[in-house]
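Encoded as structure tokens, the structure appears first; notes follow it.
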There are 2 protein chains.
Amino acid sequence: MAERTASASMGRGDTLLFLTDDHLRRGIEAMFFAYRGFTADPDRILAEQGYGRAHHRAVHFINRSPGTTVNNLLSILGVTKQSLNRVLRTLVEDGLVEARVGTRDKRERHLFLTGEGEVLERALSEAQRNRMRSAFRNAGPDAVAGFRAVLEEMMDPDMRRHYLDGVDHNQ
Amino acid sequence: MAERTASASMGRGDTLLFLTDDHLRRGIEAMFFAYRGFTADPDRILAEQGYGRAHHRAVHFINRSPGTTVNNLLSILGVTKQSLNRVLRTLVEDGLVEARVGTRDKRERHLFLTGEGEVLERALSEAQRNRMRSAFRNAGPDAVAGFRAVLEEMMDPDMRRHYLDGVDHNQ
DNA sequence: CAGTTTATGTCAGCCTTGTTGACTTTCCAA
DNA sequence: TTGGAAAGTCAACAAGGCTGACATAAACTG
């Protein structure tokens with residue numbers, strides 16, 4: 001109520017109008033509904049093959065950083081090694097992921113997608129990119145910049161570091 | 001590579017630079033990492049009380065639309081009635097939610113938060129709003145508009161309808 | 001009024017994916 | 001050479017999805 005009055009009066013609090021509880025609730029629901037859409041297409045592909053979201057996440061980050069170690073993947077995904085191990089075991093058994101013993105440190109396993117793994121990764125990421133591309137195109141470049149700015153601010157500092165690690169510094 | 005060349009050359013394809021696969025992958029990871037942050041604070045509160053995210057979702061939408069029916073909640077949450085029922089049953093047993101038999105249609109149950117339910121809702125939504133507020137404030141109003149535009153475009157049409165239903169038309 | 005549809009609840013069983021705890025093997029590094 | 005880190009494994013458990021079958025009451029329909 002107070003916020004709406006401020007809105008009508010166009011007082012100096014006006015610049016903070018986007019911080020009212022109502023706007024925040026809208027943002028919360030936007031996250032909830034959008035995340036459902038975000039995962040819907042990959043979920044369908046995964047279900048066909050008897051996999052779940054946990055497999056998708058592993059495959060995604062192994063593809064992004066080929067040769068990453070189990071420990072690194074653990075810190076990115078934020079699950080226990082037992083949880084991740086169960087997923088990795090099925091992926092290795094099914095021939096989608098290869099776990100090579102480290103040369104420098106033989107305790108470490110370096111993870112790579114096999115050809116078959118890359119096929120699944122492409123199917124999953126293409127489905128997800130198609131939706132993201134359509135959303136980006138319809139919203140426009142300025143909206144996309146805002147989208148990324150807000151999401152980045154919403155991350156926990158540790159996760160934000162992992163996110164920024166993924167930046168392509170090669171340009 | 002081709003995109004980066006285009007970027008440097010500032011050619012006419014420049015306006016679509018935000019649609020490259022690399023930008024889309026960044027958007028995908030932003031969603032993943034941000035959603036983790038988005039749920040982290042409520043998850044801690046819920047764990048303390050022996051509840052999970054499913055309870056949070058039910059409590060949130062009952063609070064948003066007091067008197068909503070089970071069927072309506074089902075279509076918003078997109079789960080089976082068995083899943084939702086398990087959650088609602090515990091919430092009713094614990095005295096956080098009241099299910100009143102409908103007056104017009106006695107088959108329906110209209111759901112309301114009790115005083116105790118409102119206490120939990122406020123704790124959860126305050127934690128989530130605090131993070132959202134901080135993210136919004138740091139990113140600024142234009143970024144917030146873009147954030148919402150992209151998320152809205154990412155929703156499935158059905159979910160988008162539910163999202164828009166939540167708009168406050170009372171201003 | 002009889003029959004059908006709708007809204008809800010419930011039981012049983014299954015799966016994925018998260019958890020904790022305990023234990024072993026390997027092997028690097030001080 | 002010994003301590004500790006990295007990785008893997010086994011067991012047990014819980015939340016929260018799912019399907020299928022069935023029950024009940026109420027509303028609707030012909």
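In what follows, every chain begins at residue 1, and chains take the letters A, B, ... in the order their sequences are listed.
- Salt-bridge check for R36(A) with D43(A): failed, with every basic side-chain N at 4.0 Å or more from each acidic carboxylate O.
- Within 4.0 Å of R86(B), counting heavy atoms only, lies at least one base atom of the nucleic acid.
- Using a cutoff of 4.0 Å between basic side-chain nitrogens and carboxylate oxygens, R129(B) and D21(A) are scored as salt-bridged.
- Distance, N71(A) CG to dA5(D) P: 11 Å, rounded to whole Å.
- Here ring-ring contact (aromatic ring centres under 6.0 Å, His included) pairs that include residues 72-118 of chain A, with residues two or more places apart or in two chains, number zero.
- Listed by first then second residue, pairs satisfying side chain to side chain donor-acceptor pair (under 3.5 Å) with a partner in residues 135-146 of chain A read N138(A)-E153(B), not counting sequence neighbours.
- Nearest nucleotide to the side chain of V70(B), out of dT19(C), dA7(D), dG9(C): dG9(C).
- For the pair R25(B) and E29(B), the salt-bridge criterion is met [side-chain N within less than 4.0 Å of a carboxylate O].
- In this structure, V101(A) and R109(A) have side chains that are in contact, with non-hydrogen atoms separated by less than 4.5 Å.
- In terms of phosphate contacts, R53(A) brings no side-chain nitrogen or oxygen within less than 4.0 Å of OP1 or OP2 of dT16(C).
- The interatomic distance linking L84(A) (CG) with dA6(D) (P) rounds to 15 Å, in whole Å.
- Note on H110(B): nothing from the nucleic acid sits closer than 4.0 angstrom, heavy atoms only.
- At the phosphate of dC18(D), OP1 or OP2 sits under 4.0 Å from a side-chain N or O atom of T80(B).
- With Q128(B) contributing its side chain and F38(B) its backbone, the two residues share a donor-acceptor pair below 3.5 Å.
- Between N85(B) and dT8(C), a side-chain N or O to OP1/OP2 separation shorter than 4.0 Å is absent.
- In this model, the phosphate group of dT16(C) is not approached by any side-chain N or O of R57(A) to a distance below 4.0 Å at OP1 or OP2.
- For D43(B) and dT19(C), the CG to C1' distance is 13 Å, given to the nearest whole Å.
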Subject >> Protein-to-nucleotide contact annotation, 5' to 3' order, nucleotides 22-30 of chain D [B base; S sugar-phosphate only; - none; under 4.0 Å, heavy atom] >> reply: ----BS---
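- Here H55(B) reaches the OP1 or OP2 of dG16(D): one of its side-chain N or O atoms lies under 4.0 Å away.
- Where V101(A) and A54(A) meet DNA chain C, the nucleotide closest to each residue was compared, and A54(A) sits on the side nearer the 5' end.
- You'll find the ring centres of F32(A) and F61(B) inside the 6.0 Å limit.
- dG8(D) atom P lies 8 Å from atom CG of L88(A), rounded to whole Å.
- Residue E108(B) has its side chain nearest to dA7(C) when only dA7(C), dG16(D), dA7(D) are considered.
- R89(B) places its CZ atom 16 Å from the P atom of dT8(C), with the value rounded to the nearest Å.
- Checking dA22(C), dC18(D), dA7(C) against every side-chain atom of Q82(A), the shortest atom distance belongs to dA22(C).
- Put simply, S83(A) has a side-chain N or O that comes within less than 4.0 Å of OP1 or OP2 on dT19(C).
- If you take CZ of R100(B) and C1' of dA7(C), they are 19 Å apart, rounded to a whole angstrom.
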